[in-house]
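Input: a single structure, listed below in structure tokens.
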Protein chains: 2
Amino acid sequence: MKVLLIDDDIELASMLSEYIHSQGFDVECAHDGEQGLALALENKHDLILLDVMLPILDGFEVLKQLRATSLVPVIMLTAKGDDFDRIFGLELGADDYIPKPFNHRELIARIKAITRRIEHINHSQPKQELEFANLTICMQSRSASAQGHPLSLTGTEFAILHLLLQEPGAVISKEQISEQVLGRRLAPYDRSIDMHVSNLRKKIAEHIENERIRTIRGAGYVLIGDA
Amino acid sequence: MKVLLIDDDIELASMLSEYIHSQGFDVECAHDGEQGLALALENKHDLILLDVMLPILDGFEVLKQLRATSLVPVIMLTAKGDDFDRIFGLELGADDYIPKPFNHRELIARIKAITRRIEHINHSQPKQELEFANLTICMQSRSASAQGHPLSLTGTEFAILHLLLQEPGAVISKEQISEQVLGRRLAPYDRSIDMHVSNLRKKIAEHIENERIRTIRGAGYVLIGDA
DNA sequence: GAGGCACGTAAAGGTTGTGTAAAGGTGTCG
DNA sequence: CGACACCTTTACACAACCTTTACGTGCCTC
């Protein structure tokens with residue numbers, strides 16, 4: 001876990017840096033906006049601590065330019081306490097904002113709050129079971145069922161149903177289906193997807209009366225529930 | 001996007017709730033720790049705003065029990081300003097911490113900072129929904145509704161409504177509509193746009209009495225609200 | 001007020017996307 | 001090899017959709 005600290009107060013920076021390091025993070029420092037931005041753009045840090053008052057480029061400018069290409073988490077630090085700065089920073093894409101002077105432990109707590117959030121999401125493996133509107137699939141057993149009755153689907157049909165179940169209610173285009181399910185770009189006049197959907201519908205209809213896969217002409221297909 | 005607000009100050013809660021709602025979030029409220037925890041455990045909220053001082057169970061206790069099973073983002077609110085509370089909350093697993101009194105806009109900015117982060121990591125694109133004067137559209141599901149009633153629009157009608165909703169109150173010329181929606185320059189004597197707008201109006205009028213798409217002779221169309 | 005222009009809209013016609021049966025192709029397994 | 005399961009292509013039908021046509025209305029100009 002590598003942190004980039006951008007602060008022009010060299011004494012504070014070195015103190016902070018030492019403290020953060022003692023808490024188990026690697027720290028790199030920059031003391032002006034230009035240098036900081038350059039380091040940040042190397043994309044090798046997991047989190048950036050960014051002072052607002054900086055020589056050459058101020059913190060907001062650094063954040064703005066950084067956000068043009070990078071989603072790295074940023075915590076802003078500032079001596080100023082006023083609301084406007086805080087809001088401005090957050091709306092520019094900062095993840096958090098700590099007014100100076102701050103308790104070192106709070107800084108660590110906030111760093112951990114953000115990294116914890118990221119870890120949790122990254123480590124949450126994709127769901128193994130999906131369910132919507134009486135349709136369920138289980139990835140482990142590669143089985144699907146409608147209204148509790150098992151469906152005997154071909155691999156492609158299963159993959160399409162899986163894709164639709166990942167975002168029920170969202171329109172999935174044929175291009176998307178072709179690329180994700182068949183692994184190739186959709187060619188003009190290619191009717192494979194239509195056929196697979198047709199067959200899938202037929203199998204679902206054996207157990208569920210209502211429409212489940214709705215066609216959005218010119219856009220794709222959507223999984224829908226009742227009503 | 002659904003927010004759960006847990007705060008025992010009923011007046012403040014209703015004010016806040018209204019403001020948050022006006023920023024495009026659904027809000028549910030609880031006024032003590034027990035009720036709040038019960039609602040939170042239903043797992044149907046995307047973010048929780050949690051006051052620290054609460055009757056029955058205090059905010060920390062709610063957070064602790066919630067974190068035993070749920071990773072839902074939590075922002076703590078507190079009247080107390082001392083470091084210890086902040087750090088304690090963050091270390092218990094809160095995502096953020098805002099001391100009362102806070103600027104409402106800052107709250108929204110922090111809510112958005114957290115949801116933005118989560119969306120980026122999940123690779124899920126933010127919900128694109130537009131709303132004006134009882135007309136709403138959802139890009140994901142490519143669906144539209146008037147006064148809550150679903151509209152069954154053709155692709156072109158949907159695209160026109162989308163264009164109008166992007167700048168409610170602004171005049172959109174037929175040239176613009178033709179180029180952006182139909183993908184071609186507007187030819188003389190081409191009446192397609194007029195027809196699409198006419199049909200769109202008809203469908204909207206089934207559910208909304210008042211005029212919504214006003215013609216500006218010689219200039220184009222505007223989306224208008226009541227009064 | 002006559003003429004021109006922009007617009008509203010019903011109806012007709014043409015185009016395109018989609019549903020699906022059937023046939024053809026490919027790979028696997030006994 | 002034949003049987004089988006699966007995917008793709010072909011072909012046709014149809015419905016949804018878009019555009020054009022035609023006629024009507026209201027506004028502006030001269």
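Here is how names work: the chains are called A, B, and so on, in the same order as the sequence lines, proteins then strands, and each is numbered from 1.
- The pair B:R110-B:E106 counts as a salt bridge, with a side-chain nitrogen and a carboxylate oxygen less than 4.0 angstrom apart.
- Between the CG atom of A:L153 and the P atom of D:dC7 there is a distance of 10 Å, rounded to whole Å.
- Here the NE2 atom belonging to A:H207 is positioned 10.5 Å from the CG atom belonging to A:L135, to the nearest 0.5 angstrom.
- Between B:R116 and A:D95, none of the side-chain N atoms (NZ, or NE/NH1/NH2) sits under 4.0 Å from a carboxylate O, so this pair counts as no salt bridge.
- With rounding to the nearest 0.5 Å, the separation of CD1 in A:I6 from CE in A:M76 is 9.5 Å.
- Taking atom CD1 of B:I160 as the reference point, atom P of D:dC17 lies 14 Å away to the nearest angstrom.
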Mind listing the N/O atom pairs, protein and nucleotides 17-19 of chain C, below 3.5 Å?
unit_1	atom_1	unit_2	atom_2	d
C:dG17	O4'	A:R217	NH2	3.3
C:dT18	OP1	A:G218	N	2.9
C:dT18	OP2	A:K174	NZ	3.1
C:dG19	OP1	A:R201	NH1	2.6
C:dG19	OP1	A:R201	NH2	3.4
C:dG19	OP1	A:T215	OG1	2.6
C:dG19	OP2	A:Y221	OH	3.0
C:dG19	N7	A:R191	NH2	2.7
C:dG19	O6	A:R191	NH1	3.0

Encode nucleotides 23-30 of chain C as B, S and - characters from 5' to 3', where the letter depends on protein heavy atoms closer than 4.0 Å: B to the base, S only to sugar-phosphate, - to neither.
--------
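- In terms of phosphate contacts, A:T154 brings a side-chain nitrogen or oxygen within less than 4.0 Å of OP1 or OP2 of D:dC7.
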Audit row: B:R201, B:T215, side chain to side chain contact (heavy atoms under 4.5 Å, CB included) steps and yes/no:
CA-CA 11 Å; B:R201 276 177 173 149; B:T215 304; 2.6 Å; yes
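- Counting to the nearest Å, the P atom of D:dC18 and the CG atom of B:D190 are 13 Å from each other.
- One interatomic measurement links the two molecules: NZ of B:K203 to C1' of D:dA16, which rounds to 10 Å at whole-angstrom precision.
- None of A:V74, A:L57, A:D58 except one satisfies the side chain to side chain contact (heavy atoms under 4.5 Å, CB included) rule with A:L63; the exception is A:V74.
- Rounded to whole Å, the distance from CG on A:N199 to C1' on D:dT9 is 14 Å.
- Below 30°, between 30° and 60°, or above 60°: for A:F84 and A:F88 the angle between ring planes is below 30°, a parallel geometry.
- One can place CG of B:L182 at 15 Å from C1' of C:dT16, the figure rounded to the nearest angstrom.
- Note on B:D190 versus B:K174: no salt bridge recorded, every NZ/NE/NH1/NH2 to OD/OE distance being 4.0 Å or above.
- Residue B:R214 contributes atom CZ, which lies 15 Å from atom C1' of C:dC7 at whole-angstrom precision.
- Residues A:R212 and A:D226 are paired through a salt bridge, judged by an N-O separation under 4.0 Å between the basic side chain and the carboxylate.
- Taking 4.0 angstrom as the limit, A:H196 places a side-chain polar atom (N or O) nearer than this to OP1 or OP2 of D:dT8.
- In this entry the distance linking OH of B:Y189 with P of C:dG8 reads 18 Å, nearest Å.
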